[in-house]
Amino acid sequence: MDLRERLNKLSPLSKSQQDSKSEVLSDLRRRLDRLLKLEKFVQKREIYPIEKIIEGEFLSTPHGETFRVHKSFPQDFRMGEMTIEEILKIPTYPAQLLARDERLRDLDLKRSLFLDIETTGLSGGTGTFAFLIGLGYFDGEDFLIQQYFMRDFSEEIPSLWIVKEIVESFKFLITFNGKQYDVPLLETRFILSRIHSRIKEIPNLDLLYPSRKIWKGAYENCRLITLESQLLGIEREDDIPSEWIPNLYFEYLKTGDARKISRVFYHNQMDILTMVALLGRIHLIYHDPEAAKPKKGIEHFSLGRLFWDHGERLKAIPCFEKALNRCDDEMAWEAMKWLSMAFKKTGQIERAKLIWEEMLSWPHLKDIYPYIELAKYHEHRLKKFDNAIHYVDQALKIVSSHQIKDIELLLQRRERLEGKLKALVNKD
Amino acid sequence: MRSIDEILDSLKKSKRISSCITEIRVFQKKEGDYRPFPDSLHPTLKEVLKEDGIKNLYSHQAEAFEAVEGGKDVVVVTPTASGKTLCYNLPVLNSLLKNPFTKALYIFPTKALSQDQMVELQSTINRIGIPIKTYTYDGDTPSDERQAIRTQGDIVISNPDMLHTAILPHHTKWMPFFQNLKFVVIDELHSYRGVFGSHMTNVLRRMERICRFYGSKPQFICSSATIANPKELAERLLERKVYLIDRNGAPSSEKIFVFYNPPLINKELGIRANHLKETRRLALPFIEEGNQTILFTTSRLNVEVLTRYLKDKFEKNLKDKDTIRGYRGGYLPKLRREIEKGLREKKVRAVVSTNALELGIDIGDLDVCIIAGYPGTIASTYQQAGRVGRRSQKSIAILVARSLPLDQFIIENPDYFFGSPPEHGLINPDNLLILISHIQCAAFELPFREGERFGREDLGELLKYLEEQGNLHHVGNYWHWTKDAYPAEKISLRSVSEDNFVVVDITKGKEEVIAEVDFTSAHTTLYEGAIYLFESEPFLVEKLDYKGRKAYVKKSKGDYYTDAINYTDVSILEGFEHMDKKAIEVEHGEVRVSTRIIGYKKIKFYTLENLGYGKIELPDLEFHTTSYWITFKNDFIESFPYHRHEIIDGILGLGYAIHSISALHLMCDPHDINRCIGDRRSKWFVRFTRDSRGFYSSFKSQEEIPEDKIAFFEPTLFIYDNYPGGMGFSQELFDNTFILLEKTLKLISKCGCLNGCPSCVGPTKEVGERAKEVALIILKEVLEQGLWI
C-alpha cells in the first residue's frame with residue numbers, strides 16, 4: 001500500500017451508522033482517482049501576474065529579482081487634517097520621552113524610516129514570512145513609499161538585501177507595534193537567509209506605546225486602523241481586513257492570480273501614511289493638548305498623566321482640570337487626587353487644600369488620601385496640631401481593619417502629632 | 001529502639017502477615033568502586049568536590065567523564081542515589097570552565113524535576129565562583145525574563161513540551177545558544193517510550209536540523225533507569241551510536257525487599273483486603289520506632305487516604321503536627337522545599353507521595369519504603385525503593401499488591417521482578433501520523449531542502465502529500481510552510497492525532513480543564529453517563545460536545561464505575577510475519593479496527609454487581625494500526641473435551657490475562673493496547689452486551705450467529721496497538737510469543753480464586769464459570785506442543 005494511501009487511511013474516521021459498504025468503496029475509488037490524476041497539478045497560469053495588476057518595476061540583483069512599487073506623495077498631500085508639509089513643520093515632541101529611549105532625543109524626521117510589513121501569520125515564529133516590506137521616508141519636500149513584494153519564497157533573499165541597505169542608511173525607525181512584531185520578524189528573516197543586519201540596533205520609535213498612553217480608554221481599542229478612522233478621520237476605500245492577508249497570499253502562491261493580493265499594497269500604503277499622520281498629531285499634542293481631540297474625562301486625564309510623567313507639570317494641570325470637569329464619578333476621585341497633588345507640587349497649596357476639602361464631602365470616599373494631606377497641611381503650614389489630629393482620627397474611623405500598614409502609619413502620625421502638641425502646651 | 005530486622009521478625013511472627021509475604025529478598029551490602037579524579041578535570045572542580053567531602057569518583061562517574069571527553073554520546077544506567085547527576089554536571093561544567101562560550105541544554109520530563117536540578121546545579125556553580133548562568137525555561141518562566149535567558153543562558157534547563165512549542169519554532173531568538181550548543185543532557189531516558197518517546201525522537205530530529213543550520217553538533221549525555229534495552233532505546237531516540245555505561249560503582253547498604261500480597265477475603269469474586277489498610281498495618285511499627293518512612297501510592301486520592309490513616313495514628317497531639325506529610329504533584333517549589341527540609345532535619349517522620357517522584361533530590365536518607373500498589377514498571381519500583389538506604393544502615397522496601405492483574409502477577413512471580421530486566425522501552429518514531437505532524441513543525445522552523453532526510457519514510461512523498469493538503473509550497477529547491485497557524489501548538493507529545501478531547505470539570509460552577517484524552521480512547525471513556533476516572537477519582541460525564549471535542553464532567557459520589565459495551569471488528573489488511581505451529585498460528589501485521597459503541601454497563605465497586613445500563617449514541621470509530629494475533633487451530637481445539645463456546649470462554653479469559661502480561665512486557669499502560677476475539681476472515685466476533693455473556697455476530701449484520709455455525713471458524717485472539725498508525729508493539733509481542741504465553745500461564749495458575757476473577761481471567765459474569773479451567777488447559781497444551789511444527 002503506498003504512502004499516500006496509508007496516510008489517507010490513518011486519520012481516525014468516524015462514520016455514521018448508516019454507512020453502507022458501497023459508500024466506502026466509492027470513497028476509496030475517489031481517492032485512487034485523485035492519486036492517478038496527481039500529475040495534472042495546477043500549473044501557475046500567469047494570466048494575472050502582479051506586474052499586470054499593479055504598476056511597479058522589477059529590480060535585478062546578483063541574488064535574483066524582486067518587484068518594487070514606488071509612490072511619491074507631494075508636500076500638499078493631505079492625511080486627515082494635516083498635509084505633509086505641515087507635519088514636517090511641527091517641532092517634534094521630545095521623542096526620548098515618548099519612547100523612553102535616550103537615543104531618540106535627536107529624532108529628525110528627515111532621517112527616519114517608516115516601516116510596516118505584511119506577513120503570512122500573526123503569531124511570529126520562524127515559519128512566518130514577510131512577503132511585502134513597506135518603507136516610507138521624507139525625500140526633500142515629498143514623502144516616498146517603496147514597497148518590496150516577493151512573488152514567491154525564492155524572491156526573499158534579493159528583497160532582503162535591498163531592504164537591508166536602505167534600513168541601515170537611516171538613523172531612526174518609526175513603526176506601529178514594530179518593537180514586538182515587525183522588527184523581530186525581519187530580524188528572523190535576515191538570520192534565516194544568513195544576512196547580517198543591524199536592524200535591531202537602530203533606535204525605533206514605536207508609536208503604539210505613546211498612543212496607548214494618550215488614548216487609553218478613548219476608543220474601543222488602540223489599533224492603528226481605529227485611531228485612523230476615529231481620531232484622524234481618515235476613511236479607507238474598500239480595504240481588506242488584515243486577518244485575510246495571509247490566506248490571500250497563500251492563494252496567490254498557488255494560482256498565480258494577483259488580483260486579490262494586489263489590494264495589500266493599498267492596505268500597506270495606508271498603514272504607513274497613517275503612521276505619519278499619527279506621529280504628526282502626537283507632536284502637535286505637545287504644544288496643544290486639544291490636538292488629541294479628547295472627548296471624555298479619561299482622555300484628558302491620560303494626557304495629564306502623560307505630561308506629568310514627562311516632567312511637564314504646568315502642561316498637566318489644565319488637563320487634570322478638564323478631566324475633572326468632564327469625567328464620571330468613577331474617575332473623579334483619581335482626577336482630584338492628581339490635580340491636588342499637581343497644585344501642591346507647583347506651589348499652589350491653597351488650591352490643593354480646596355480640593356482636599358472637596359474630597360472630604362465626596363459621597364464615594366475611595367481612600368484616606370485627603371485626610372492625610374489635610375493633616376499634613378495643618379501640621380506643617382498652620383501648625384494647628386489639634387486639627388491635624390482631628391483629621392487623623394477621622395481617617396482611623398474610615399480605614400478598614402485589615403489595612404494594617406495604613407493603620408500603623410496613621411497611629412505613628414498621631415503619636416508624633418501628640419508629641420508636638422504636648423511640647424507646644426508645655427511651652428505655654 | 002528495635003532494628004529493622006527485629007521489627008520485620010516481629011511482623012513475621014503474626015501468621016496473618018507472614019502468610020501474605022510471597023518473597024523476602026536480601027541485597028547484600030556492596031562496596032563502592034572508586035576512581036581518582038581524571039587528569040583533565042579542572043582544578044576548580046576538584047576543589048569544589050573536595051569541599052563537599054568527595055575525594056574521588058565512582059567508577060561509572062569517571063567512565064562517563066572519560067567517554068564524554070572522548071567525544072562519545074553516552075547513556076548511563078545506574079540506580080537512584082548513585083550520583084548520576086555528576087555524570088553529566090562534571091563534563092558540562094568542566095567544558096564551561098575551559099571555554100566560557102559553551103552552552104548546554106538539560107531536558108527533564110517534568111517541570112518539577114527541572115526546578116530541583118536548578119537548585120543543585122546553582123549551588124555547585126556558586127562555589128565555583130565563575131558566573132555560569134543557569135536558568136529554567138518552562139511554562140512558569142515569566143515573559144520578561146525569557147529574553148535574557150535566550151541571549152545569556154549558559155545552561156538552560158527545560159522539558160520536551162517547551163522545546164517543542166516554544167524553543168524550536170522560535171530558534172532565531174536563540175541564535176547564540178544554538179550556535180554554541182555543545183551538550184544536550186537527557187535525564188530519565190526510559191520515560192521516552194511509547195507515544196511520548198516516538199514524539200521525542202522527532203523533536204530531537206527537528207533540533208538536530210536546527211543545530212546543523214547554526215553549525216553546531218552537540219553531544220548527548222543521557223541517564224536512564226534499568227530496563228532491558230537502554231542502549232537500544234537511546235540509539236533509537238537519538239538516531240546515533242551510543243556508549244553504554246551500566247556498571248554501578250556506588251556503594252550500597254544492605255537492603256531487604258519484601259513482597260506482600262493482601263489476603264483474599266472473597267474467593268468467589270477474587271476480592272482482596274484493602275491494600276492501603278494493609279500498608280498502614282505494615283508501616284506502623286517502623287514509624288513508631290522512629291524509622292523515617294516514605295510511602296508511595298498510585299493516586300492522589302490514595303495519598304490523601306493513607307496520609308489521613310497515618311495522621312490519625314501519629315498526630316494525635318498538637319505538638320505532633322506535620323510529622324506526617326502528604327505530597328502530591330503540583331505542589332509549589334516552596335512547599336516541596338519545606339517538606340524536604342522537614343525530612344532532612346528528621347522532623348517529618350513519614351511522607352506519603354504519589355508515583356510522581358517529584359520529591360527532590362535532597363531528602364536525606366530514609367530507612368523504610370513502602371510501595372502501596374505496583375507502580376506499573378519494574379524500573380519505577382526500583383526508583384522508588386531507591387529512596388532508602390543509608391551508607392551504613394540497613395534499609396527495607398515493601399511492595400504491597402492491589403488486586404489488579406499486573407500487581408498480582410508481579411507479587412506472585414518475584415523471579416520475574418528480580419531476574420534480568422524484562423521490560424523493553426519501545427518507540428515508533430516513524431508512525432506516519434506522528435511523523436507527519438513533526439514534518440510540519442520542521443517545515444515551519446526551516447524550509448525543507450530537496451534531498452533532505454527526516455525519518456525513515458520517503459520524505460519527498462510526504463512533502464508532496466502536505467503540499468496537496470495546502471500546508472506547504474514548493475518553489476526552487478525548497479518546501480515552505482504556508483499556513484498562518486503554528487503547527488506545534490496543536491500537536492500534543494502524548495497523543496497520536498490532533499483530535500483530542502478535553503475533559504472540563506464543572507463541579508465548582510466554572511470550567512476547568514483537567515485532562516486531555518485522545519480521540520480513540522474518548523469513544524470508550526467519555527460518553528454521556530460514563531464514569532471517568534481522573535487520578536483514581538470518579539467523575540460523571542454530564543455532557544459530551546462531540547464536534548467541539550469537549551466532555552463536561554462533575555465529581556461523582558456514586559459507588560459504581562461504567563464499562564462501555566462495544567463491538568469491535570478487526571480486519572487484516574496485511575500480514576508482516578508469520579509463524580506456524582501445531583496448535584497455533586501466530587502473525588502480526590496491519591489491520592483496520594472498527595468499533596461501534598452501543599451502550600454501557602454500570603458496575604458496583606467491589607461486588608461487581610450490575611446496576612443498570614445506558615445507551616450511547618456516538619459515531620463509529622475506525623482506524624488503521626498494527627496488531628498481533630494468535631489463531632487456535634480447529635484440530636487443536638477439537639481435541640479438548642469442551643464445547644466450542646466453552647473453548648471460546650477460555651480464550652476470552654486467556655485474552656484478558658495476556659492483555660495484562662503484554663502491557664507488563666511492553667512497559668506500556670494497559671490502555672495502549674486492546675484486544676478482540678474473532679476470526680481471521682472477519683466473519684464473526686465475540687460481542688458483549690447487556691447480559692454480559694458473549695455471543696457472536698459480525699459488524700455488518702449484527703445478527704447473532706448460532707453456535708453450530710461458528711464451529712467452522714478458527715478463533716483468533718487479536719492484540720492491537722490502540723493508536724492509529726501503530727506503536728511498534730505487535731512486532732515485539734510476536735517475537736516473544738512463548739514468553740508471553742508462559743507468563744500468562746503463571747498469572748492464571750497462581751491466582752487464588754476459584755473459577756476466575758478480575759485478577760486473572762476476568763469476572764466470571766463475563767467470561768463464564770469455566771474460563772479459568774479452559775484457559776489453563778489450552779495454555780498448558782500450547783506450551784507443551786510449542787516448538788513442534
Side-chain angles (χ1 to χ4, degrees), chain A residues 1-21 24 34-35 38 41-42 44 64 119-129 150-157 184-185 187-194 243-254, chain B residues 168-173 175 210 213 431-433 436 440-441 443-447 457-458 461-462 464-465 467-468 470 473 475-478 480-489 496-497 499 518-520 523 546 573-574 590 592 594 596 617-625 700 724-725:
Chain A
M1 202 187 311
D2 96 333
L3 204 61
R4 192 180 315 276
E5 278 175 51
R6 285 163 64 196
L7 273 168
N8 281 331
K9 285 168 188 188
L10 271 178
S11 313
L13 301 166
S14 287
K15 289 141 137 261
S16 82
Q17 303 201 339
Q18 269 73 46
D19 239 2
S20 67
K21 218 175 187 178
V24 175
R34 229 166 37 99
L35 263 173
L38 190 60
F41 195 76
V42 175
K44 265 197 188 181
T119 70
T120 59
L122 305 163
S123 52
T126 47
T128 308
F129 175 61
M150 286 148 242
R151 289 177 294 172
D152 209 322
F153 295 96
S154 49
E155 294 193 340
E156 183 178 39
I157 292 187
L185 209 141
E187 213 200 335
T188 295
R189 301 318 305 173
F190 282 124
I191 292 177
L192 291 173
S193 302
R194 303 206 193 271
E243 303 82 64
W244 293 11
I245 292 177
N247 285 308
L248 286 181
Y249 186 70
F250 294 139
E251 215 186 287
Y252 162 70
L253 279 181
K254 275 199 257 243
Chain B
L168 296 179
H170 293 276
H171 62 86
T172 50
K173 300 203 168 129
M175 183 168 75
I210 289 170
F213 179 79
N431 168 305
L432 275 182
L433 283 178
I436 210 152
Q440 292 178 66
C441 296
F444 180 90
E445 285 151 13
L446 282 172
E457 298 281 352
D458 184 342
E461 276 296 309
L462 291 169
K464 278 204 203 107
Y465 177 83
E467 187 179 25
E468 261 172 65
H473 178 79
V475 66
N477 278 339
Y478 288 91
H480 298 261
W481 178 251
T482 47
K483 273 227 138 84
D484 63 351
Y486 229 135
E489 232 159 41
V496 174
S497 78
D499 239 349
D518 65 271
F519 189 82
T520 334
H523 286 71
Y546 191 86
L573 297 173
E574 200 184 327
E590 202 167 321
R592 181 175 65 235
S594 310
R596 178 171 303 160
E617 300 269 345
L618 278 179
D620 291 349
L621 188 56
E622 191 178 287
F623 63 97
H624 286 216
T625 185
K700 308 298 179 217

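Given the structure is predicted, the values throughout are model-derived calculations rather than measurements. Just so it is clear: chains get the letters A, B, ... in the order the sequence lines come, proteins before strands, and each one is counted from 1.
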With a 4.5 angstrom heavy-atom cut-off, could you sort out which part of A:F153 is near chain B: side chain, backbone, both or neither?
both
State, with a plain yes or no, whether a side-chain heavy atom of A:F129 is found less than 4.5 Å away from one of B:T482.
no
Report the C-alpha separation of A:L253 and B:H480 in whole Å, then their side-chain angles, then the decisive distance to 0.1 Å, and conclude whether the side chain to side chain contact (heavy atoms under 4.5 Å, CB included) test is met.
CA-CA 11 Å; A:L253 279 181; B:H480 298 261; over 6 Å; no
Spacing of OH belonging to B:Y478 relative to CD belonging to A:E156, to within rounding of 0.5 Å
11.5 Å
Give me the atom names and distance for the closest heavy-atom approach of A:F250 to B:W481.
CE2-O, 4.4 Å
A:T120 vs B:D484, test: side chain to side chain contact (heavy atoms under 4.5 Å, CB included). Steps then yes/no.
CA-CA 6 Å; A:T120 59; B:D484 63 351; 5.9 Å; no
Part of B:E457 lying under 4.5 Å from any heavy atom of chain A:
side chain
What part of B:L462 lies closer than 4.5 angstrom to a heavy atom of chain A: side chain, backbone, both or neither?
both
Checking side-chain contact (heavy atoms from CB on, under 4.5 Å) against B:H171, which of A:T188, A:I191, A:T126 comes through?
A:T126
